[in-house]
Number of protein chains: 2
Amino acid sequence: MADVDADPKKLTRNQQAVLAALKGAGRPLTAYDVLGLPAIRKAGMKAPLTIYRALDKLIALGLVHRIESLNAFVHCGHGPHDHAAGFLICTDCGRTLEVHLESCENHLAGRARDQGFAVDDVRVEMTGRCPDCAGRAAVP
Amino acid sequence: MADVDADPKKLTRNQQAVLAALKGAGRPLTAYDVLGLPAIRKAGMKAPLTIYRALDKLIALGLVHRIESLNAFVHCGHGPHDHAAGFLICTDCGRTLEVHLESCENHLAGRARDQGFAVDDVRVEMTGRCPDCAGRAAVP
DNA sequence: TCGGACAATGTTATGATATAACATTTAAAA
DNA sequence: TTTTAAATGTTATATCATAACATTGTCCGA
């Protein structure tokens with residue numbers, strides 16, 4: 001689970017730079033997308049590993065989520081939280097919406113426990129079209 | 001959605017070989033795992049693309065599922081089906097359990113629709129320990 | 001303040017996953 | 001049989017991620 005007590009002020013320069021990049025993007029970016037950003041190069045980061053290390057930390061702090069089906073990373077707009085997050089991924093514009101799964105998580109994890117499975121983590125990713133893109137498609 | 005009317009007899013030699021490999025493994029394999037299997041080399045497949053193409057087809061037919069968080073592929077033990085599948089991934093032994101999500105899918109997709117999101121596909125992956133491994137851990 | 005411990009960083013190289021492009025063959029249908 | 005679509009073969013390359021090891025920075029207790 002995320003370390004909800006994390007103090008954002010304690011982030012290192014690299015971590016701050018990567019977090020700011022994801023925040024500014026407003027959508028998931030791959031590690032190499034981040035690496036390519038001018039602000040990141042200006043911060044002196046120039047190797048993939050530098051980005052991945054910052055991302056690892058930010059994920060551990062619950063400030064960033066990894067989107068498995070995109071191999072990408074997105075800023076968590078909800079602040080650190082302890083319950084599982086679900087993502088709605090728009091296949092048109094590439095943006096994601098984060099949804100909380102308090103109730104679903106119990107349902108899903110309950111299903112798992114029924115089978116004797118001890119659940120550590122729940123990941124939900126849904127693809128489709130976001131409100132904006134769905135609207136555009138309907139009225140072309 | 002999966003083509004439930006798919007006829008397994010119509011699978012090509014490559015597709016049959018890959019499907020048999022995943023079936024035999026009983027757990028998720030990466031494309032390169034599959035490529036490395038003697039039976040696959042004997043079938044004449046020797047390039048990654050050959051494997052990926054067979055996998056693409058098998059996935060489209062609903063005979064194989066991709067596990068995003070493992071970059072791996074697993075045989076679907078339930079036969080082709082039309083509803084979303086969830087996976088319980090054991091971090092000890094690497095095996096997966098597939099669970100059906102009839103009810104959860106509605107719940108999740110409903111949440112999405114509440115936000116104006118048009119859902120095409122739902123993916124659920126849970127990590128933890130399977131009954132066997134959880135048992136071993138509890139009684140060491 | 002010093003010094004030890006630990007986290008973070010820098011650097012280079014490489015491993016692992018996935019697809020592009022284009023020629024050829026096979027299978028199915030008209 | 002012709003013609004059409006799908007599958008395959010082959011080579012090269014793109015994309016995502018980590019290993020290994022040296023160095024630096026930070027924090028806290030003695």
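Every chain is numbered from 1, with letters handed out A, B, ... down the list of sequences. Just so it is clear, the structure is predicted and the values come from calculations on it, not from any experiment.
Dashed line: the shortest gap from a side-chain N or O of B/Arg66 to OP1 or OP2 of C/dA18 is under 4.0 Å. Residue A/Asn71 places at least one side-chain N or O under 4.0 Å from the OP1 or OP2 atom of D/dA17. Phosphate contact (OP1/OP2 of C/dA7, side-chain N/O of A/Lys57, threshold under 4.0 Å): absent.
Remark: P of C/dT14 and OH of A/Tyr52 are 19 Å apart, rounded to the nearest angstrom. Atom CG of B/Leu70 and atom C1' of C/dA16 are 14 Å apart (whole Å). The CG-P distance, from B/Leu61 to D/dA6, rounds to 13 Å in whole Å. Taking atom CD of A/Glu68 as the reference point, atom C1' of C/dT17 lies 14 Å away to the nearest angstrom. B/Ile51 places its CD1 atom 13 Å from the P atom of C/dT17, with the value rounded to the nearest Å.
In this pair, B/His100 and B/His78 present their aromatic rings tilted. The plane angle is within the 30 to 60° band. The aromatic rings of A/Tyr52 and A/Phe73 sit perpendicular to each other, their planes meeting at more than 60°, with 30° as the lower class boundary.
Other residues sharing a hydrophobic cluster with A/Leu101 under the 4.5 Å side-chain heavy-atom criterion for ILVMFWY residues are A/Leu88, A/Leu97, A/Val99, A/Leu108, A/Phe117, A/Val119, A/Val122, A/Val124, A/Met126, B/Leu88, B/Leu97, B/Val99, B/Leu101, B/Leu108, B/Phe117, B/Val119, B/Val122, B/Val124, B/Met126.
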Nucleotide by nucleotide, 5' to 3', does protein get under 4.0 Å of the base (B), only the sugar-phosphate (S), or neither (-) in nucleotides 25-30 of chain C, counting heavy atoms?
-> ------
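Nearest heavy-atom pair, B/Leu55 versus B/Ala31, reported as atom, atom and distance to 0.1 Å: CD1-CB, 4.1 Å. Heavy-atom minimum distance, A/Pro28 versus A/Leu70: CG-CD1, 4.1 Å. In terms of heavy-atom proximity, A/Ala54 sits nearest to A/Val18 at CB-CG2, 3.7 Å. Across all non-hydrogen atoms, the minimal contact from B/Gly26 to B/Arg95 is O-CG, 3.9 Å.
Contact check of residues 26-41 of chain A against DNA chain D (heavy atom, cut-off under 4.0 Å) returns A/Thr30, A/Tyr32.
Side-chain heavy atoms closer than 4.5 Å link hydrophobic residues (I, L, V, M, F, W, Y) into clusters, and following such links, possibly through other members, connects B/Leu29 to B/Leu63. In the hydrophobic cluster analysis, where Ile, Leu, Val, Met, Phe, Trp and Tyr join through side-chain heavy atoms closer than 4.5 angstrom, B/Leu22 is grouped apart from B/Ile67.
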Set out, line by line, the N/O atom pairs under 3.5 Å between protein and nucleotides 9-13 of chain C.
| from | atom 1 | to | atom 2 | distance (Å) |
| --- | --- | --- | --- | --- |
| C/dT9 | OP1 | A/Thr12 | OG1 | 2.7 |
| C/dT9 | OP1 | A/Asn14 | ND2 | 3.4 |
| C/dG10 | OP2 | A/Asn14 | ND2 | 3.3 |
| C/dG10 | N7 | A/Arg53 | NH2 | 2.4 |
| C/dG10 | O6 | A/Arg53 | NH1 | 3.1 |
| C/dG10 | O6 | A/Arg53 | NH2 | 3.3 |

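Residues meeting the salt bridge (Lys or Arg N to Asp or Glu O under 4.0 Å) test with B/Arg27, sequence neighbours left out: none. Under the rule for a salt bridge (Lys or Arg N to Asp or Glu O under 4.0 Å), the partners of B/Glu68 that lie at least two apart in sequence or sit in another chain are B/Arg66, B/Arg123.
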